[in-house]
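Encoded as structure tokens, the structure appears first; notes follow it.
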2 protein chains.
Amino acid sequence: MDSMPEAPRRRATLDSVAEVVGVSKATVSKVLNDRPGVSEATRLRVHDAVRLLDYAPTTRAPESGGRRRILVLFDTLANLYSLRMLDALLAGGHAADVEIVADVIAPLDPGPASRLEPHRIRALWQRGYAGLLVVTTQLSRDALRVCAELDLPVVSIDPPNALDPDVASVGSNNWSGAMQATEHLLGLGHRRIGFVGGLATHAGLRERRAGYRSALEAAGLDEDSALVSEDGMVSAGPEAVRMMDLVDPPTAFFVSSDPGALAVMRELARAGLRVPDDVSVVGYDDTYAALPAPVLLTTVHTPLDEIGRTALSTVLAMIEGSAPLSHHLQLATSLVVRESTAAPRG
Amino acid sequence: MDSMPEAPRRRATLDSVAEVVGVSKATVSKVLNDRPGVSEATRLRVHDAVRLLDYAPTTRAPESGGRRRILVLFDTLANLYSLRMLDALLAGGHAADVEIVADVIAPLDPGPASRLEPHRIRALWQRGYAGLLVVTTQLSRDALRVCAELDLPVVSIDPPNALDPDVASVGSNNWSGAMQATEHLLGLGHRRIGFVGGLATHAGLRERRAGYRSALEAAGLDEDSALVSEDGMVSAGPEAVRMMDLVDPPTAFFVSSDPGALAVMRELARAGLRVPDDVSVVGYDDTYAALPAPVLLTTVHTPLDEIGRTALSTVLAMIEGSAPLSHHLQLATSLVVRESTAAPRG
DNA sequence: GAAACAACGCGAAAATGTTTCGCACAGTGC
DNA sequence: GCACTGTGCGAAACATTTTCGCGTTGTTTC
């Protein structure tokens, strides 16, 4: 018995493409590099053959000449959270000599149809990314299965849900952060503390709610459902004003995002209430630190730099083949007391 | 007599490096690609020779999945201007099926030494970027020369200085924008209008100053140097407060950036002055539009989306080989009147 | 209408860089 | 002294890009 009867289907090479088209490999090379000196007809035929044979240049030595490329997918860039995360990742990319490519999942169509579908994952993989970082976005089970098939390492940053325990994730301890914020207000003497949260579809936001409740309970207080809003951040301001009209209004608000906190402060100011004299406000994430607001926000600082660095080194470790340190890292938050909180009146 | 007696100093090649070190080109190649099978001593000697000869491989990195890659270099990501620009560029990248790679020039070292040096440009070219977009950053003449040599198209977005007329640039009409802002205040009845600008090293900021002055002159007013500050944005707030202490204080401020305007509003508020009741404030760039500030900022809207799209299509056209529509595009600004301006008191 | 000319498309060969494979040599065990 | 083994390196094979010249085609000139 000699070797296998059929050809072992070697990878397509420039010569094989040239042979199929019936031109020289020089011509094929020119087409692939968009060099002049080739007719449009030949150009088209070469492209067809390249597609047909699924040709890819071999000089691509994935781990050699070119640097590794990591794709970072944001749900949106329209907030400072994304910006600071990107900044941290770029710094980490420089340090590790990898190329960080940022993209938004659906820059044109914000509809729910533009999720990360399996075919999209395959397209990403074909583009040669060595790893994938997904920021505050849920990956479907199908998408994850495709990633596993393609051996494409994925790390989720601040995942909305801990859907799959096998997916590595890096985030911060939301429950503890909310505890810190609420305990700060309790420590100032507040007893009626409103909670203005985002939609409870995000696990992190649910954890913040739970932390808020735990802090209240630890202080011997019951949660008052009239003081809790989870309608999403667009209605944060009106919701806060609504609570202030209650017979026993809150003296402080814990708002589970910084933009939401700013919206609350804005609406309170329009309603004639001063922060922190009349009402205290605590935000979350510390993404607006550099912003010279009239009243600087007391907020929970999430270590985005550290989260970014950790996520990057995790995905790099996975690319190298080693298992990540832990599948679900949560970094510690810290409270930053600025100007928007004070002891309640009287 | 034959040709020139001395060698014309050709570009270093693998063979020349190998000759200098006294090894084969295979060994040099292994060193450069971090392949095993080379002793540490040889590795070091090769690295030395590479540095000495300033060797760079002539073959470029292959394009990712066939798509072109455009590098966008920001001076910093720590502001919403960069964020919105990046967002616009990513959207344009999706539309044109090119990969947008964002990076900051010096993520670690903010010193002036980290400019875009020629060798850095070569490194970029080697990584296979088809074009370069530079945001609010000056390129040195040397760097531009290298770009021209390498045939690497460059488009400057909002360049600090119109150094080289041959470099394509896309920006907005700063002079006209400042005119609009100042005319708005004049139209409301203001006659004492303070100008708080950034450092006048940036051409765009100088143009804004000129537009401010032109509007005043068109209204028959003289510029009062006591009402002009160009100390940079860090001192914007204190400068505004200082002007309010003048015997004939301004009734309005034109601040030539949005963060600066917010800083001014913050300091005015701390000094007990209400905006817009006591003082009006106009900002510039409209980068904080989505921000729920207590008083929404009246500002000059610069069309960052359009600027980004235009810059991207310009660099793509240059890659295709066609000349850009124009070398120095300036897009029109528009005034967005919100809450921070009103007629002067009494 | 023919000769001269210009432009373009293409391939052979040279140039450049990467990978494979085998040789030489040093150290080690018997 | 002989076999064995691992390491460092280079020759040659391989993959791709670039240069340069040749032939074809279409156009202008007389």
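Atom set for the values below is all heavy atoms of this structure, side chains included, hydrogens, waters and symmetry mates excluded. In this text the structure is predicted, and so the values were computed from the model without any measurement. In what follows, chains carry the letters A, B, and so on, assigned in the order in which the sequence lines appear, proteins first and then strands, with residues in each chain numbered from 1.
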Check: What's the shortest heavy-atom distance between B/Tyr129 and B/Leu152, and which atoms?
Finding: O-CD1, 3.4 Å
Anything under 3.5 Å between a protein N or O and an N or O of nucleotides 22-24 of chain C, put it in a table, one pair a line.
none

Next item on the list: Under the salt bridge (charged side-chain N to carboxylate O under 4.0 Å, His left out) rule, collect the residues that match up with B/Asp15, sequence neighbours excluded.
Entry: none
Next item on the list: For A/Ala96, check side chain to side chain contact (heavy atoms under 4.5 Å, CB included) against everything at least two apart and list the hits.
Entry: A/Val98, A/Leu316
Notebook entry, point to check: Among all residues two or more places apart in sequence or in another chain, which pass the salt bridge (charged side-chain N to carboxylate O under 4.0 Å, His left out) test with A/Asp305?
Noted result: none
Notebook entry, point to check: Among all residues two or more places apart in sequence or in another chain, which pass the side chain to side chain contact (heavy atoms under 4.5 Å, CB included) test with A/Glu306?
Noted result: A/Pro303, A/Arg309, A/Leu331
Next item on the list: Check whether any side-chain nitrogen or oxygen of A/Arg35 sits under 4.0 Å from OP1 or OP2 of D/dT18, and answer yes or no.
Entry: yes
Check: Which residues satisfy the side chain to side chain contact (heavy atoms under 4.5 Å, CB included) test with A/Thr27, sequence neighbours excluded?
Finding: A/Val23, A/Ser24, A/Val38, A/Thr42
Next item on the list: Round to a whole Å and report the spacing from CG of B/Asp15 to P of D/dA12.
Entry: 14 Å
Note to self: Using a 4.0 Å heavy-atom cut-off to protein, can you give one letter per nucleotide of nucleotides 5-10 of chain D, 5' to 3': B if the base is in contact, S if only the sugar-phosphate is, - if neither?
What the structure shows: ---SBB
Item checked: Residues in side-chain hydrogen bond (donor to acceptor under 3.5 Å, both in side chains) contact with B/Ser82, at least two apart in sequence or another chain -> B/Asn79
Next item on the list: Let me know the distance between CD of A/Glu19 and C1' of D/dT16, rounded to the nearest Å.
Entry: 17 Å
Margin query: It should be established whether B/Tyr55 places a side-chain nitrogen or oxygen under 4.0 Å from OP1 or OP2 of nucleotide C/dT16.
Written below: no
Check: Who pairs with B/Val50 by side chain to side chain contact (heavy atoms under 4.5 Å, CB included), at least two apart in sequence or on another chain?
Finding: B/Val17, B/Leu32, B/Val46, B/Tyr55
